[in-house]
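Values below: all heavy atoms of this structure, side chains included; hydrogens, waters and symmetry mates excluded. Owing to the predicted nature of the structure, the values given are computational and were not obtained by experimental measurement. The chain is numbered in sequence order, starting from 1. Every number for a ligand or one of its atoms is a count from 1 in the order of the listing.
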Amino acid sequence: MTRGRYLEGWERVGDGAIKMKPFRNNRAGERHPEDSGEDQFAVERAEMLDKQLRRRGVHDSGVLSAMAAVRREEFVPKEFRQRAYEDAPLPIGEGQTISQPYIVAAMTAALHLTGSERVLEIGTGCGYQAAILSHLGKIVFSIESRSELASSAAARLERLGYATVHIHCGDGTLGLPELAPFDAMLVAAAAPRVPEPLRSQLAEGGRLILPVGDADNQELLCLERHGNSFETRTLEACRFVPLIGYYGWKEPPAR
Ligand code: SAH
(Lines give C-alpha, C1' and ligand atoms only; values in the text may rest on other atoms or scores of the structure.)
Protein backbone atom coordinates (compact mmCIF):
# COMPACT_ATOMS: atom_id res chain seq x y z
CA MET A 1 0.00 0.00 0.00
CA THR A 2 1.28 3.45 -0.87
CA ARG A 3 1.96 5.83 1.96
CA GLY A 4 0.71 9.38 1.87
CA ARG A 5 -2.01 8.49 -0.61
CA TYR A 6 -4.21 11.43 0.14
CA LEU A 7 -7.62 12.03 -1.30
CA GLU A 8 -9.09 14.60 -3.58
CA GLY A 9 -10.76 17.31 -1.57
CA TRP A 10 -8.20 17.04 1.22
CA GLU A 11 -5.84 19.79 2.18
CA ARG A 12 -2.64 20.17 4.16
CA VAL A 13 -3.08 21.85 7.53
CA GLY A 14 -0.75 22.64 10.48
CA ASP A 15 2.11 20.23 11.30
CA GLY A 16 1.74 18.24 8.11
CA ALA A 17 -1.66 16.67 8.73
CA ILE A 18 -4.14 16.21 5.94
CA LYS A 19 -7.72 17.27 6.55
CA MET A 20 -10.87 17.16 4.53
CA LYS A 21 -11.64 20.58 3.06
CA PRO A 22 -14.45 22.23 5.01
CA PHE A 23 -17.92 21.24 3.92
CA ARG A 24 -20.50 23.77 2.88
CA ASN A 25 -22.87 22.59 5.58
CA ASN A 26 -20.25 23.21 8.29
CA ARG A 27 -21.31 26.85 8.66
CA ALA A 28 -19.88 29.06 11.39
CA GLY A 29 -22.43 29.32 14.14
CA GLU A 30 -23.97 25.94 13.39
CA ARG A 31 -24.78 24.28 16.68
CA HIS A 32 -22.58 21.41 17.75
CA PRO A 33 -24.75 18.27 17.92
CA GLU A 34 -23.42 17.55 21.42
CA ASP A 35 -24.94 20.88 22.57
CA SER A 36 -28.17 20.53 20.70
CA GLY A 37 -31.36 20.45 22.76
CA GLU A 38 -32.88 17.53 20.88
CA ASP A 39 -31.37 14.32 22.13
CA GLN A 40 -33.49 11.44 20.96
CA PHE A 41 -31.11 8.84 22.40
CA ALA A 42 -30.42 10.37 25.84
CA VAL A 43 -32.08 7.47 27.68
CA GLU A 44 -30.31 4.77 25.66
CA ARG A 45 -26.98 6.54 26.17
CA ALA A 46 -27.47 6.86 29.94
CA GLU A 47 -28.43 3.19 30.15
CA MET A 48 -25.37 2.19 28.14
CA LEU A 49 -23.17 4.11 30.61
CA ASP A 50 -24.74 2.41 33.55
CA LYS A 51 -25.26 -1.18 32.36
CA GLN A 52 -22.40 -1.63 29.93
CA LEU A 53 -19.70 0.58 31.47
CA ARG A 54 -20.07 1.32 35.21
CA ARG A 55 -21.34 -2.17 36.05
CA ARG A 56 -18.36 -3.69 34.22
CA GLY A 57 -15.86 -1.57 36.09
CA VAL A 58 -15.34 1.55 33.98
CA HIS A 59 -15.25 4.33 36.59
CA ASP A 60 -12.88 6.89 35.04
CA SER A 61 -14.94 10.09 35.15
CA GLY A 62 -13.32 11.58 32.04
CA VAL A 63 -14.06 8.46 30.00
CA LEU A 64 -17.64 8.31 31.28
CA SER A 65 -18.19 12.00 30.40
CA ALA A 66 -16.80 11.47 26.91
CA MET A 67 -19.03 8.41 26.39
CA ALA A 68 -21.97 10.49 27.65
CA ALA A 69 -21.19 13.36 25.27
CA VAL A 70 -20.51 11.65 21.94
CA ARG A 71 -23.64 10.76 19.98
CA ARG A 72 -22.95 7.24 18.80
CA GLU A 73 -26.10 7.25 16.62
CA GLU A 74 -24.35 9.82 14.38
CA PHE A 75 -21.54 7.35 13.63
CA VAL A 76 -23.49 4.25 12.56
CA PRO A 77 -25.20 3.70 9.20
CA LYS A 78 -28.83 4.96 9.11
CA GLU A 79 -30.26 1.46 9.21
CA PHE A 80 -28.48 0.79 12.53
CA ARG A 81 -29.35 4.13 14.20
CA GLN A 82 -31.97 2.58 16.46
CA ARG A 83 -29.42 -0.05 17.54
CA ALA A 84 -26.55 2.41 18.15
CA TYR A 85 -26.41 1.75 21.93
CA GLU A 86 -26.52 -2.05 21.77
CA ASP A 87 -23.90 -3.95 23.73
CA ALA A 88 -22.24 -5.13 20.50
CA PRO A 89 -20.11 -4.11 17.54
CA LEU A 90 -22.17 -2.97 14.51
CA PRO A 91 -21.39 -3.02 10.77
CA ILE A 92 -20.11 0.26 9.27
CA GLY A 93 -19.65 -0.97 5.67
CA GLU A 94 -16.77 -2.61 3.78
CA GLY A 95 -16.90 -5.58 6.18
CA GLN A 96 -15.70 -3.38 9.08
CA THR A 97 -17.33 -2.66 12.45
CA ILE A 98 -17.69 0.07 15.04
CA SER A 99 -16.43 -1.45 18.32
CA GLN A 100 -18.77 -2.31 21.17
CA PRO A 101 -19.13 0.68 23.57
CA TYR A 102 -17.50 -1.22 26.45
CA ILE A 103 -14.33 -1.95 24.42
CA VAL A 104 -14.07 1.69 23.32
CA ALA A 105 -14.35 2.81 26.95
CA ALA A 106 -11.99 0.15 28.36
CA MET A 107 -9.26 0.87 25.78
CA THR A 108 -9.61 4.61 26.28
CA ALA A 109 -9.45 4.27 30.09
CA ALA A 110 -6.23 2.22 29.81
CA LEU A 111 -4.50 5.18 28.13
CA HIS A 112 -4.95 7.40 31.24
CA LEU A 113 -5.31 10.58 29.18
CA THR A 114 -5.05 13.92 31.00
CA GLY A 115 -5.81 16.48 28.29
CA SER A 116 -2.26 17.26 27.14
CA GLU A 117 -1.53 14.24 24.95
CA ARG A 118 -0.86 13.83 21.26
CA VAL A 119 -2.81 10.71 20.44
CA LEU A 120 -2.54 8.35 17.47
CA GLU A 121 -5.34 5.95 16.55
CA ILE A 122 -4.92 3.23 13.91
CA GLY A 123 -8.19 2.16 12.25
CA THR A 124 -10.50 5.18 12.11
CA GLY A 125 -13.49 3.21 10.85
CA CYS A 126 -16.48 5.51 11.35
CA GLY A 127 -14.57 7.90 13.64
CA TYR A 128 -16.41 7.15 16.90
CA GLN A 129 -13.33 6.11 18.89
CA ALA A 130 -11.45 9.16 17.55
CA ALA A 131 -14.29 11.43 18.74
CA ILE A 132 -14.09 9.88 22.23
CA LEU A 133 -10.29 10.33 22.29
CA SER A 134 -10.64 13.97 21.22
CA HIS A 135 -12.51 14.70 24.46
CA LEU A 136 -9.59 13.45 26.52
CA GLY A 137 -6.36 14.24 24.64
CA LYS A 138 -5.07 17.49 23.11
CA ILE A 139 -4.92 16.40 19.48
CA VAL A 140 -5.86 13.15 17.76
CA PHE A 141 -4.38 11.76 14.55
CA SER A 142 -6.20 8.77 13.15
CA ILE A 143 -5.14 6.58 10.23
CA GLU A 144 -7.56 4.56 8.10
CA SER A 145 -6.41 2.41 5.20
CA ARG A 146 -9.75 2.26 3.34
CA SER A 147 -10.18 5.50 1.47
CA GLU A 148 -14.00 5.46 1.49
CA LEU A 149 -14.10 5.01 5.26
CA ALA A 150 -11.36 7.64 5.74
CA SER A 151 -13.20 10.24 3.71
CA SER A 152 -16.62 9.56 5.21
CA ALA A 153 -15.21 9.62 8.77
CA ALA A 154 -13.37 12.88 8.03
CA ALA A 155 -16.57 14.42 6.64
CA ARG A 156 -18.61 13.21 9.62
CA LEU A 157 -16.13 14.50 12.22
CA GLU A 158 -15.94 17.83 10.41
CA ARG A 159 -19.74 18.13 10.29
CA LEU A 160 -20.03 17.24 13.97
CA GLY A 161 -17.40 19.81 14.94
CA TYR A 162 -14.55 17.58 16.14
CA ALA A 163 -11.87 20.08 15.17
CA THR A 164 -8.93 18.42 16.96
CA VAL A 165 -9.16 15.14 15.02
CA HIS A 166 -7.00 14.78 11.89
CA ILE A 167 -7.67 11.84 9.59
CA HIS A 168 -4.93 10.33 7.45
CA CYS A 169 -5.42 7.72 4.77
CA GLY A 170 -2.76 5.02 4.55
CA ASP A 171 -1.21 1.99 6.22
CA GLY A 172 -1.40 2.67 9.95
CA THR A 173 1.04 -0.13 10.81
CA LEU A 174 3.75 2.34 9.70
CA GLY A 175 2.50 4.98 12.13
CA LEU A 176 3.11 8.63 11.25
CA PRO A 177 6.89 9.07 11.67
CA GLU A 178 6.80 12.73 10.60
CA LEU A 179 4.42 13.55 13.46
CA ALA A 180 5.93 11.27 16.14
CA PRO A 181 6.37 10.90 19.04
CA PHE A 182 2.88 10.21 20.38
CA ASP A 183 1.98 10.12 24.06
CA ALA A 184 -0.76 7.57 23.51
CA MET A 185 -1.63 5.13 20.73
CA LEU A 186 -4.68 2.96 20.24
CA VAL A 187 -4.95 0.28 17.56
CA ALA A 188 -8.57 -0.62 16.76
CA ALA A 189 -7.79 -3.70 14.64
CA ALA A 190 -6.21 -7.07 15.51
CA ALA A 191 -2.47 -7.39 14.95
CA PRO A 192 -0.47 -10.65 14.73
CA ARG A 193 2.28 -8.88 16.76
CA VAL A 194 3.09 -5.36 17.97
CA PRO A 195 4.05 -3.32 14.86
CA GLU A 196 7.63 -2.13 15.37
CA PRO A 197 7.11 1.41 13.99
CA LEU A 198 4.38 2.04 16.56
CA ARG A 199 6.69 1.01 19.40
CA SER A 200 9.41 3.36 18.17
CA GLN A 201 6.99 6.29 17.72
CA LEU A 202 5.82 6.09 21.33
CA ALA A 203 7.00 8.95 23.59
CA GLU A 204 8.82 8.25 26.86
CA GLY A 205 6.24 7.17 29.44
CA GLY A 206 3.66 6.85 26.64
CA ARG A 207 1.13 4.05 26.31
CA LEU A 208 0.15 1.88 23.38
CA ILE A 209 -2.97 -0.27 23.55
CA LEU A 210 -3.76 -2.90 20.93
CA PRO A 211 -5.34 -6.32 20.38
CA VAL A 212 -2.75 -9.01 19.55
CA GLY A 213 -3.52 -12.58 18.54
CA ASP A 214 -4.88 -14.65 15.65
CA ALA A 215 -7.86 -13.96 13.40
CA ASP A 216 -10.45 -15.11 15.92
CA ASN A 217 -9.04 -14.49 19.38
CA GLN A 218 -6.90 -11.72 20.67
CA GLU A 219 -5.83 -10.18 23.94
CA LEU A 220 -5.72 -6.49 24.63
CA LEU A 221 -2.16 -5.51 25.46
CA CYS A 222 -1.08 -2.25 27.05
CA LEU A 223 2.58 -1.28 26.59
CA GLU A 224 4.22 1.55 28.50
CA ARG A 225 7.57 2.89 27.31
CA HIS A 226 10.50 3.37 29.69
CA GLY A 227 13.60 4.18 27.63
CA ASN A 228 14.01 1.24 25.31
CA SER A 229 11.98 -1.17 27.40
CA PHE A 230 8.25 -1.66 27.19
CA GLU A 231 6.36 -2.76 30.27
CA THR A 232 3.53 -4.92 28.97
CA ARG A 233 0.25 -5.80 30.68
CA THR A 234 -2.50 -8.05 29.34
CA LEU A 235 -5.95 -6.61 29.90
CA GLU A 236 -8.64 -8.91 28.53
CA ALA A 237 -9.75 -11.15 25.67
CA CYS A 238 -11.31 -9.47 22.66
CA ARG A 239 -12.16 -9.92 18.97
CA PHE A 240 -11.40 -7.26 16.37
CA VAL A 241 -11.32 -7.12 12.57
CA PRO A 242 -7.76 -7.69 11.25
CA LEU A 243 -5.09 -5.01 10.94
CA ILE A 244 -3.97 -5.38 7.35
CA GLY A 245 -0.69 -3.77 6.40
CA TYR A 246 3.08 -4.06 6.21
CA TYR A 247 3.55 -4.73 9.95
CA GLY A 248 0.13 -6.38 10.39
CA TRP A 249 -1.46 -9.18 8.37
CA LYS A 250 -0.16 -9.07 4.80
CA GLU A 251 -3.55 -10.37 3.63
CA PRO A 252 -6.84 -10.85 5.45
CA PRO A 253 -6.36 -14.00 7.60
CA ALA A 254 -8.89 -16.84 7.14
CA ARG A 255 -11.59 -16.70 9.85
N1 SAH B 1 -12.22 2.71 15.74
C2 SAH B 1 -13.24 2.40 14.77
C3 SAH B 1 -13.45 0.92 14.57
C4 SAH B 1 -12.39 0.39 13.72
S5 SAH B 1 -12.67 -1.10 12.86
C6 SAH B 1 -14.55 3.06 15.10
O7 SAH B 1 -14.68 3.74 16.12
O8 SAH B 1 -15.44 2.91 14.27
C9 SAH B 1 -11.00 -1.28 12.31
C10 SAH B 1 -10.62 -0.35 11.18
O11 SAH B 1 -9.23 -0.56 10.95
C12 SAH B 1 -11.33 -0.64 9.87
O13 SAH B 1 -11.97 0.50 9.42
C14 SAH B 1 -10.19 -1.06 8.93
O15 SAH B 1 -10.38 -0.64 7.59
C16 SAH B 1 -9.01 -0.37 9.57
N17 SAH B 1 -7.69 -0.93 9.24
C18 SAH B 1 -7.33 -2.22 9.06
N19 SAH B 1 -6.01 -2.29 8.79
C20 SAH B 1 -5.53 -1.00 8.82
C21 SAH B 1 -4.24 -0.42 8.61
N22 SAH B 1 -3.14 -1.13 8.33
N23 SAH B 1 -4.13 0.92 8.72
C24 SAH B 1 -5.20 1.70 9.01
N25 SAH B 1 -6.44 1.20 9.19
C26 SAH B 1 -6.60 -0.14 9.10
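- Using a 4.0 Å cut-off between charged nitrogen and carboxylate oxygen, D60 and R54 do not count as a salt-bridge pair.
- In this structure, atom 6 (C) of ligand 1 lies nearest to the protein heavy atom T124 O, 3.5 Å.
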Using salt bridge (Lys or Arg N to Asp or Glu O under 4.0 Å), reason through E74 and R159 one step at a time and then give a plain yes or no. CA-CA 10 Å; E74 297 288 342; R159 173 173 62 80; 3.6 Å; yes

Evaluation steps, side chain to side chain donor-acceptor pair (under 3.5 Å), between Y85 and R45: CA-CA 6 Å; Y85 293 91; R45 198 175 311 108; 2.8 Å; yes

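- Contacts of E144 with ligand 1, taken as heavy-atom pairs under 4.0 Å, involve both backbone and side chain.
- For atom 5 (S) of ligand 1, the nearest non-hydrogen atom of the protein is T97 O, 3.1 Å.
- With ligand atoms numbered from 1 in the order given, ligand 1 contributes 1 (N), 7 (O) to contacts under 4.0 Å with heavy atoms of Q129.
- Numbered from 1 in the order shown, with element, the atoms of ligand 1 that lie under 4.0 Å from a heavy atom of P242 read 18 (C), 19 (N).
- Interatomic distance, CG of L136 versus OG of S65, reported as 8.0 Å (0.5 Å rounding).
- With rounding to the nearest 0.5 Å, the separation of CE in M107 from SG in C238 is 7.0 Å.
- Proximity to L149 (heavy-atom distance under 4.0 Å) selects the following atoms of ligand 1: 13 (O).
- Of all the listed residues (S145, A191, A130), S145 holds the heavy atom that lies closest to atom 26 (C) of ligand 1.
- If you look at L243 next to ligand 1, the close heavy atoms, those under 4.0 Å, come from the backbone and the side chain alike.
- Applying the salt bridge (charged side-chain N to carboxylate O under 4.0 Å, His left out) test between R207 and each of E231, E117, E224 identifies E224 as the sole match.
- Atoms of ligand 1 lying under 4.0 Å from any heavy atom of G170, numbered from 1 in the order shown and given with element: 23 (N), 24 (C).
- The ligand atoms of ligand 1 that sit less than 4.0 angstrom from a heavy atom of Y128 are 7 (O).
- Distances from atom 19 (N) of ligand 1 to the heavy atoms of L133, I132, I244 show the closest one on I244.
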Could you walk me through whether D39 and R71 satisfy the salt bridge (Lys or Arg N to Asp or Glu O under 4.0 Å) test, starting with their C-alpha distance in whole Å, then the side-chain angles of each, then the deciding distance to 0.1 Å, before giving a yes or no? CA-CA 9 Å; D39 187 357; R71 299 198 174 186; 3.6 Å; yes

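- The single protein non-hydrogen atom nearest to atom 4 (C) of ligand 1 is G123 O, 3.4 Å, given as residue, atom name and distance.
- With ligand atoms numbered from 1 in the order given, ligand 1 contributes 1 (N) to contacts under 4.0 Å with heavy atoms of E121.
- Comparing Q96, R72, E94 against atom 14 (C) of ligand 1, the shortest heavy-atom distance belongs to Q96.
- A heavy-atom separation below 4.0 Å is not found between G248 and ligand 1.
- Those atoms of ligand 1 with a heavy atom of R146 less than 4.0 angstrom away are 15 (O).
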R56 vs D87, salt bridge (Lys or Arg N to Asp or Glu O under 4.0 Å): CA-CA, chis, key distance, verdict: CA-CA 12 Å; R56 289 191 191 138; D87 188 13; 2.4 Å; yes

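- Interface of I98 with ligand 1, defined as ligand atoms under 4.0 Å from a residue heavy atom, comprises 8 (O).
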